[in-house]
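Data block below; observations after.
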Amino acid sequence: MLQYNGMGTRVKRISNAQQKIIMTENSSTFIAKSTVKAGDIEHRRKINVNIGKYNSAVVQGKTQFSDLHLARERAKNIKWKAIETLDQQLETFEHAFTKRGGKVIWAENTAQALEEILAICRQKNCRSIVKSKSMVTEEIKLNDFLEEHQIESVETDLGEYIQQLDGEPPYHIVTPAMHKSKEDVAKLFYEKLNTAPNLSPEQLTLVAREKLRKKYVEAEIGITGANFIIAEIGAIAVTENEGNARLSCAFPKTHIVIAGIEKVVPSLTDLGLFWPLLATFGTGQQLTVYNTIVTGPKKPNEMDGPDDMYVILLDNGRTNILANEKARESLYCIRCGACLNACPVYKNIGGHTYSATYSGPIGAVITPHLQQMNDWKHLSYASSLCGNCTEVCAVKINLHELLLQNRNEAVESGYAGWAERIAWKIWKKTSLSRKMMNMGNGKMKNRIVNKMFTAWTSRHADLNFSQKTFNQLWQEKYPN
Ligand code: SF4
């Protein structure tokens with residue numbers, strides 16, 4: 001029987017033995033994809049062009065902060081407070097939001113969230129949905145699910161629209177089509193929409209706009225994510241550059257918001273800090289073009305807005321992270337994408353190689369907790385631990401330390417392979433014994449160690465021991 005796992009992927013009910021095979025498949029697929037992508041020079045060129053533009057914009061954006069370090073520290077403290085009191089914050093939100101006529105739905109996992117959305121669609125006799133960019137809807141694979149139920153779901157963010165046309169998931173949490181050049185997009189529109197070949201970016205945007213405008217008017221339901229859930233006033237805040245989220249909220253008669261429970265900030269005034277931080281670290285802007293606060297459905301004296309508004313608060317493994325004192329910090333993430341842009345591994349292997357909704361350093365940290373540690377632990381090993389991600393994080397999450405923490409948890413939970421465990425045991429025993437370290441010459445050590453750590457040496461240069469032991473070298477330097 002088919003069922004949905006924690007991240008919305010359809011999987012079969014599997015036995016323990018089969019699970020081991022999938023475990024191997026996940027990591028070997030990752031290695032196979034990484035190997036191909038890392039050698040793809042054209043991919044690297046496109047990414048470097050786009051990340052290069054981002055890097056120069058961010059320098060400019062940061063000039064708006066008189067004390068950037070303090071701003072990031074403050075943001076981290078606010079998120080710390082929000083996450084430490086998450087239950088109260090969410091209840092405060094629910095109370096205030098429902099008082100104004102909105103409906104809050106608590107979804108423990110993907111299956112529940114999808115079921116609730118389908119129930120609303122059926123109740124509203126919905127055949128068509130406009131959707132603004134939301135990583136949570138990617139997480140629960142909402143578009144595939146709606147398609148199975150013959151409901152059209154159209155992505156309205158330009159990058160997401162491009163990805164949907166191409167049948168690909170987003171490549172990056174902020175810029176979904178970052179890996180495509182303008183020529184790639186022109187070719188895609190030509191193939192899928194019968195436009196003239198070689199349209200300019202402006203012309204391509206106009207084509208998308210024309211197609212999408214009709215969809216807003218036709219759709220019975222609009223679905224958006226939320227960049228922030230504002231507990232105090234019971235509202236959600238959406239940040240975007242194209243106005244498509246606003247249209248998705250306002251045109252259809254029903255608005256569904258789906259957001260991870262960690263998106264909470266305690267008060268409205270917190271946005272004074274988070275909006276510029278998100279804009280600068282996300283795209284290098286001082287402020288994103290459209291920042292909308294939605295407080296509920298249309299009131300009787302109002303002209304515009306939906307008749308009904310629902311907010312689905314999704315757990316889907318987030319309470320696993322909350323319960324884990326060390327990993328909890330990763331819930332402070334505001335999904336600015338800065339750590340992806342800074343990561344040398346991401347820049348070489350690209351977003352799709354991770355095969356997870358959230359890629360890059362933050363994805364490598366949270367995916368093993370949102371899903372299964374044994375299936376996804378390999379992502380935490382895909383890091384040079386250079387610390388660049390921690391350096392650039394808008395809310396100062398210690399990402400590289402959390403990657404190490406995941407590796408530690410994986411080993412402590414017994415998920416390290418048999419050969420790896422034996423190899424490290426021998427390594428530890430030997431390196432703690434001067435007598436053993438002095439045995440044999442460098443040549444012999446090279447032969448033994450490079451055979452023992454084949455997982456390392458298959459992808460790196462061989463380890464090369466000194467021909468003389470430490471004691472011999474010391475003796476030579478200090479003969480007396
Ligand atoms: S971990 Fe930090 S840098 Fe990475 S997306 Fe989240 S907030 Fe941005």
Side-chain angles (χ1 to χ4, degrees), residues 50-51 54-55 57-59 61-62 65 68-69 71-83 133-136 138-139 159 170-176 178 225-229 237 239 259-265 270-271 273-285 288 318 321-322 324 326-347 351 354 356-370 379-380 382-406:
N50 287 324
I51 293 185
Y54 164 84
N55 287 340
V58 167
V59 174
K62 281 181 180 171
F65 295 95
L68 183 60
H69 167 75
R72 291 164 71 206
E73 281 290 339
R74 282 203 177 139
K76 183 171 190 173
N77 284 340
I78 292 169
K79 283 306 285 187
W80 169 80
K81 181 180 162 197
I83 297 298
K133 184 178 157 289
S134 142
M135 290 311 289
V136 170
E138 291 296 329
E139 185 181 322
Y171 176 91
H172 185 284
I173 57 177
V174 174
T175 34
M178 183 195 246
N227 293 91
F228 302 100
I229 297 169
T239 290
I261 52 174
E262 82 285 8
K263 289 293 178 82
V264 162
V265 291
D270 296 330
L271 295 182
L273 178 58
F274 282 103
W275 273 346
L277 265 185
L278 181 57
T280 293
F281 284 79
T283 50
Q285 291 165 281
T288 316
R318 285 157 176 83
I321 304 181
L322 188 66
N324 183 323
K326 291 193 171 127
R328 189 178 298 166
E329 192 183 335
S330 60
L331 294 176
Y332 305 168
C333 175
I334 57 167
R335 306 276 188 265
C336 71
C339 59
L340 283 66
N341 300 336
C343 177
V345 175
Y346 182 89
K347 282 192 268 192
Y354 291 77
T357 307
Y358 306 101
S359 56
I362 185 63
V365 167
I366 61 175
T367 307
H369 297 285
L370 292 178
L379 297 183
S380 309
S383 166
S384 61
L385 298 178
C386 64
N388 211 18
C389 45
T390 303
E391 193 72 24
V392 301
C393 176
V395 288
K396 288 187 170 255
I397 300 172
N398 286 317
L399 289 158
H400 69 295
E401 284 180 20
L402 294 181
L403 289 171
L404 267 177
Q405 179 57 31
N406 278 2

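What you see is a predicted model; the values in this text were computed from it and never measured. Each ligand, and each atom within it, is numbered from 1 in the order the structure gives. Each residue takes its place number in the sequence, starting with 1.
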Tell me which part of L399 gets within contact of ligand 1: side chain, backbone, both or neither, using heavy atoms under 4.0 Å.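 Only the side chain of L399 comes within reach of ligand 1.
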With a cut-off of 2.8 Å, does C333 put an N/O/S atom close enough to atom 6 (Fe) of ligand 1? yes
Does NZ or CZ of R72 lie under 6.0 Å from the centre of the six-membered ring of F65, at an angle within 45° of the ring axis? no
Looking only at protein heavy atoms, which one is nearest to [atom], and what is the separation?
| atom | answer |
| --- | --- |
| atom 2 (Fe) of ligand 1 | C393 SG, 2.4 Å |
| atom 8 (Fe) of ligand 1 | C336 SG, 2.4 Å |
| atom 5 (S) of ligand 1 | G337 N, 3.2 Å |
| atom 7 (S) of ligand 1 | I334 N, 3.5 Å |

Distance-minimising heavy-atom pair for T280 and V58: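 Reported closest heavy-atom pair: O-CG2, 3.5 Å.
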Does [X] [atom1] have over 12 foreign heavy atoms under 6.0 Å away?
| X | atom1 | result |
| --- | --- | --- |
| E391 | CD | no |
| R328 | CZ | yes |
| K81 | NZ | no |

One finds that the ligand 1 atoms under 4.0 Å from a non-hydrogen atom of I362 are 1 (S)
Just how far is it from atom CG of N77 to atom OH of Y332, taken to the nearest 0.5 Å?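 One finds 8.5 Å between CG of N77 and OH of Y332.
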Got a sec: is C339 within less than 2.8 Å of atom 2 (Fe) of ligand 1 via an N/O/S atom? no
